[in-house]
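Take a look at the structure below.
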Amino acid sequence: DAGVTQSPTHLIKTRGQHVTLRCSPISGHKSVSWYQQVLGQGPQFIFQYYEKEERGRGNFPDRFSARQFPNYSSELNVNALLLGDSALYLCASSRTSEPYGYTFGSGTRLTVV
Amino acid sequence: ILNVEQSPQSLHVQEGDSTNFTCSFPSSNFYALHWYRWETAKSPEALFVMTLNGDEKKKGRISATLNTKEGYSYLYIKGSQPEDSATYLCAFTGNQFYFGTGTSLTVIP
C-alpha cells in the first residue's frame, strides 16, 4: 500500500503569492491533518478534516485554509505568503477523527523569498 | 497553548552507548503519548503509543515508559547504532496532537 503522499516536495514562492499543497491519505483513511514545522520547533497543528468536514483548527490566521475532497485527499492553501510561512508542511492521515494512529507524509518544504 | 517539552535538544553519543531522552507534558486531560522517529527527508515513523500510567513499551533496542501522574515519558535506546541517528519527537494527545520540539540524536561510529 502507498503511504501518505504529499506534493510538491519542495516549493519556492515570492512574498504575497498564493500556494496550494496537496496530500493523498492512505487508502481507507478518512481523516487528514496538516501541520507546520518551522526550523527549530516541533510541528504545529493547522487543520484536521474528517469526512470532508473541518474538525479542528489551530492558531493560524485566515490566510490558511484547507479542504478535503470526496476521495479524502486534501489541499492546504495559503494566501498572501509571508517570509515566516517558510516551513515544512506535514500531512497525516488516520482512519478516524481521533488523534490516534496517524501516518505522516514526508512533507512539502515551502520557501518564501 | 499546551506545552510539551523535550530534553535534551540534541545529543551526540558513541556507538554502543545507551542513552535516554525525556518528554514532559501536562498531567491533566491526558489521552495518549506518542513517540516518533524522524530521519531527515523522510516521514516521521511511529515508534510507540502509550495510554496508561505505568505503560512500558519495547521495540528491539528502544523502549519507553510513561508516567501520566507526573507528566513525563522516557525513551531509552540501548547500545546505540549509527542508524539510530534521527530526531525523536513526542506528541501529547488531547483533542489534537501537541508535539514537542524533538531530541536530535547523532550516533558517532
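Since we're looking at a predicted model, the values are computed, not measured. In what follows, every heavy atom counts, from backbone to side chain, and hydrogens, waters and symmetry copies are set aside. Within every chain, numbering begins at 1; the chains are lettered A, B, ... in the order of the sequence lines, protein sequences first and strands thereafter.
Residues P44(B) and L90(A) have side chains in contact (heavy-atom distance under 4.5 Å, counting atoms from C-beta outward). With contacts defined as side-chain heavy-atom distances shorter than 4.5 Å, the pair W38(B)/Q37(A) qualifies.
A41(B) touches chain A through its backbone: at least one of N, CA, C or O sits under 4.5 Å from a heavy atom, while the side chain does not. Using a 4.5 Å cut-off between heavy atoms, T51(B) touches chain A through its side chain atoms alone.
Summarising the local packing, CD of E83(B) is surrounded by more than 12 heavy atoms from other residues, nucleotides or ligands at distances under 6.0 Å. The environment of R15(A) atom CZ is sparse: at most 12 non-hydrogen atoms of other residues, nucleotides or ligands sit within 6.0 angstrom. Annotation: I12(A), atom CD1; neighbour count of heavy atoms from other residues, nucleotides and ligands within 6.0 Å does not exceed 12. Around NZ of K78(B), the count of heavy atoms belonging to other residues, nucleotides or ligands within 6.0 Å does not exceed 12.
Atom OH of residue Y35(A) and atom CZ of residue F99(B) lie 5.5 Å apart, to the nearest 0.5 angstrom. Atom OH of Y102(A) is separated from atom CZ of F97(B) by 5.5 Å, given to the nearest 0.5 angstrom.
At a threshold of 4.5 Å between side-chain heavy atoms, the hydrophobic network of Ile, Leu, Val, Met, Phe, Trp and Tyr places F48(B) and Y98(B) in one connected group. A single hydrophobic cluster is seen to contain both F64(A) and L83(A), as judged by linkage of ILVMFWY side chains at heavy-atom distances under 4.5 Å, directly or through other members.
The most heavy-atom pairs under 4.5 Å with chain B, out of G42(A), G56(A), P43(A), come from P43(A).
The closest donor-acceptor contact from the side chain of S43(B) to the backbone of S106(A) lies under 3.5 Å.
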